[in-house]
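Notes to accompany the following structure.
In this chain, numbering begins with 1 at the start of the sequence shown. All heavy atoms count here, side chains included; hydrogens, waters and symmetry mates do not. First listed ligand is number 1; within each ligand, the first listed atom is number 1.
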Amino acid sequence: MSVLSGKHILLGVTGSIAGYKAADLASKLAQAGALVDVLLTSSSEKFITPLTFQSVTGRRAYTDADLWGNEAHVLHLSFGKTADLLVIAPCTANTIAKLAHGIADNLLTVTALAAQCPLVIAPAMDGGMFDHSATQENLAKLKERGEIIVGPAEGHLASGLTGKGRMVEPAEIFGHIRMVLGRKGKLAGKKVLVTAGGTQEALDPVRVITNHSSGKQGYALAQAALDSGADVCLVTAPTALSAPVGARVIKVTSAQEMLDAVMSESADALIMAAAAADFRPTLAAKNKLKKRDGIPQVELTAAPDILKTVASSQLSPKRFKVVVGFAAESQNLLANASEKLKSKKLDLIVANDISANDSGFAVETNRVTLLFANGTKEVLPLMSKMEAAEKIIEHTSKLLE
Ligand code: CTP
């Protein structure tokens with residue numbers, strides 16, 4: 001994952017039962033290619049051990065015992081200089097208070113004071129402690145300073161009560177970390193609109209006509225655009241996926257709704273990865289079609305072609321400076337894609353051979369060819385949908401230059 005690979009992340013862990021979730025976060029970061037140094041406070045060691053973290057990061061984890069002796073008296077300074085990001089998850093009310101007031105009495109807080117990198121804080125505590133005006137004032141102070149506070153979430157608390165205080169899930173903290181790391185990327189200050197998923201066209205209140213699109217490529221594109229610092233709007237048809245952290249999401253069902261959503265926005269780039277319907281039932285029955293009434297004869301009508309509508313409405317200044325489309329083809333891939341590139345007035349089309357079983361709908365990988373409006377093409381080898389997304393975003397940002 002390019003936004004995290006080689007990045008030096010400091011993960012501070014403080015005394016909370018949510019410490020076990022920090023091991024999952026450390027593992028996710030390490031798997032994404034980050035160099036993760038974990039700093040445990042002495043209270044956190046009551047819940048979880050340095051060995052747990054060493055086992056998932058492949059690097060030694062640090063405790064307050066490392067604060068003194070050998071070269072360790074300057075450990076916090078070197079951490080503070082080299083780190084790309086410091087995340088404290090879980091972060092107790094006590095550590096939040098220390099951070100707010102610049103108290104530096106253990107390896108983690110001394111490092112936080114020396115650090116010159118962004119700080120992400122994931123609070124974890126009982127509801128009453130979170131609601132306490134001291135904690136609220138401390139958090140307000142940290143926010144004002146530009147620190148990123150993620151959560152806490154509502155739910156079951158260690159006290160047995162329900163309320164706001166649970167640390168948010170590692171996947172969400174991970175999403176915030178990549179957003180912070182990407183914010184100075186090539187698309188910083190640019191807006192990207194991505195569509196994803198297969199639209200659904202109603203036959204009656206319970207039945208729809210849809211297609212096999214999983215939305216994976218579109219969601220990966222939204223994530224890759226966020227990783228490059230873009231402001232991302234994701235217009236999505238129903239999928240089983242969670243939207244990337246940081247994307248503004250507009251949920252739609254039909255091609256008409258997707259068209260309305262796209263035409264209500266403007267952006268530097270539009271990337272139409274959605275499999276929007278080409279046909280829809282002329283009339284959706286108001287009530288459920290009953291078997292006893294016989295097999296229905298469904299008449300179909302053309303659904304709106306979103307890219308063609310965009311192309312014919314591009315005034316000056318253009319609603320979208322760069323438009324990227326996809327061509328899902330089971331035969332004559334390049335000829336069909338090239339025809340769509342012209343008829344839909346695209347800057348780039350991603351030709352996708354859906355007849356291959358390792359490419360296209362539902363699978364994790366894609367084998368695509370990029371065709372550009374200037375007649376050039378780039379054949380990409382089989383790669384994950386995230387890698388394909390990163391390539392497409394790289395080209396989109398070049399087209400915007
Ligand atoms: N598309 C669109 N509106 C539709 C259908 C498709 O804007 N109603 C977009 C897709 O998001 C994609 C591009 O058009 O970026 C090509 O989609 P594809 O399904 O490959 O082609 P179609 O234009 O639908 O033509 P056909 O199905 O006949 O191949």
What I want to find out is whether [X] reaches [Y] closely enough, with some N-O distance under 4.0 Å, to be called a salt bridge.
X: Asp131; Y: Lys164; value: no
X: Arg367; Y: Asp353; value: no
X: Arg207; Y: Asp204; value: yes
X: Lys321; Y: Asp268; value: yes

Problem set entry | Contact (N/O only, under 3.5 Å) between Ala273 and ligand 1 | no
Contact atoms of ligand 1, heavy-atom distance to [X] under 4.0 Å:
X: Pro304; answer: 3 (N), 4 (C), 8 (N)
X: Ala327; answer: 20 (O)
X: Ala328; answer: 20 (O)
X: Ala274; answer: 10 (C), 11 (O)
X: Leu307; answer: 2 (C), 7 (O), 9 (C), 13 (C), 14 (O), 15 (O)

Tell me, which protein residue and heavy-atom name are nearest [atom], and how many Å apart are they?
atom: atom 13 (C) of ligand 1; value: Phe326 O, 3.0 Å
atom: atom 3 (N) of ligand 1; value: Ile306 N, 3.0 Å
atom: atom 24 (O) of ligand 1; value: Asp278 OD1, 2.8 Å
atom: atom 26 (P) of ligand 1; value: Lys340 NZ, 3.9 Å

For this session: Measure up the Phe79 and His8 rings against each other and bin them: parallel (under 30°), tilted (30 to 60°), perpendicular (over 60°).
Result: tilted
Exercise. Going from CG on Leu221 to NZ on Lys216, what distance comes out if it is rounded to the nearest 0.5 angstrom?
Worked result: 14.5 Å
Exercise. Between Met272 and Val323, does a side chain to side chain contact (heavy atoms under 4.5 Å, CB included) hold up when you go through it step by step?
Worked result: CA-CA 8 Å; Met272 275 291 302; Val323 182; 5.6 Å; no
Problem set entry | Lys308, Lys344, Met258, Met272: member with heavy atom nearest to atom 14 (O) of ligand 1 | Lys344
Seminar exercise, completed: Min over Ala276, Gly325, Ala311 of heavy-atom distance to atom 4 (C) of ligand 1 lands on Ala276
Exercise. Given the protein's heavy atoms, is any one of them under 4.0 Å from atom 19 (O) of ligand 1?
Worked result: no
Exercise. Does Arg178 count as lying over the ring of Phe174, i.e. NZ or CZ under 6.0 Å from the six-ring centre, within 45 degrees of the axis?
Worked result: no
Exercise. Which bit of Ala277 gets closer than 4.0 Å to ligand 1, counting heavy atoms only: side chain, backbone, both or neither?
Worked result: backbone
Problem set entry | Side chain Thr14, main chain Thr92, donor-acceptor under 3.5 Å | yes
